[in-house]
Amino acid sequence: GVALVEVYDRDPANSSIDNISTRSDIGTASDVLIGGFIVGGTDPTNVIIRALGPSLGTFGVANPLPDPVLELHDSNGALLSSNDSWRSDQEEEILATHIAPSDDREAAIVATLPPGSYTAVVHDMRFSTGRRRTGSTSACS
């Protein structure tokens, strides 16, 4: 299935991230979407990272990923945060950004990150593509 990962810098006055977004087909097992981004400057910055799938269909994207899961990793590959279905975790923080995903099955993470390199990884909840399920990188501040 097709998915989109976006990162928005929520504190642009103190960092050097603008916006990064990557769209890709996602397959099974290790065939995931990986988007890397760097937080510059000297101060931590607040970001929201979104993994969109189902809502892409409204924009004419064929075979959107039915249930994206978003993982945020640091430069050593350590998992910092993970989300499936954005309303299940950090709902208030995500709504406060005014760019919450439009479909409840989509994923989002709000985090304050120190300067460094990060990776956003997106896969389907069942590690499957949109074709297999029955029923259905960016920085931002």
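Atoms considered below: every heavy atom in the structure, side chains included; atoms not considered: hydrogens, waters and symmetry mates.
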Find the distance between [atom1] ([X]) and [atom2] ([Y]) and round it off to the nearest 0.5 Å.
| X | Y | atom1 | atom2 | answer |
| --- | --- | --- | --- | --- |
| L65 | D124 | CG | CG | 4.5 Å |
| L70 | L33 | CG | CG | 9.5 Å |
| R50 | I109 | CZ | CD1 | 13.5 Å |
| D103 | L52 | CG | CG | 9.0 Å |
| H73 | I34 | NE2 | CD1 | 8.5 Å |
| W86 | L95 | CH2 | CG | 4.0 Å |

Quick check: closest heavy atoms across [X] and [Y], and the distance to 0.1 Å?
| X | Y | answer |
| --- | --- | --- |
| S55 | E106 | OG-OE2, 2.7 Å |
| G41 | P115 | O-CG, 3.4 Å |
| A108 | Q90 | O-OE1, 4.3 Å |
| P54 | P68 | CD-CD, 3.8 Å |

- request: Under the side-chain hydrogen bond (donor to acceptor under 3.5 Å, both in side chains) rule, collect the residues that match up with S117, sequence neighbours excluded.
  value: none
field: Under the side-chain hydrogen bond (donor to acceptor under 3.5 Å, both in side chains) test, residues paired with D104 that sit two or more places apart
entry: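 D104: side-chain hydrogen bond (donor to acceptor under 3.5 Å, both in side chains) contacts with R87.
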task: In sequence, state the C-alpha distance, the side-chain angles, and the governing distance for I49 and Y118, and then conclude on side-chain contact (heavy atoms from CB on, under 4.5 Å).
output: CA-CA 11 Å; I49 306 162; Y118 299 90; over 6 Å; no
- prompt: Would you say the side chain of D67 lies within less than 4.5 Å of the side chain of S85, judging by non-hydrogen atoms?
  reply: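 Heavy-atom side-chain distance check passes, below 4.5 Å.
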message: Among residues at least two apart in sequence or on other chains, which ones pass salt bridge (charged side-chain N to carboxylate O under 4.0 Å, His left out) with D84?
response: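 In terms of salt bridge (charged side-chain N to carboxylate O under 4.0 Å, His left out), with neighbours along the sequence ignored, D84 is linked to no residue.
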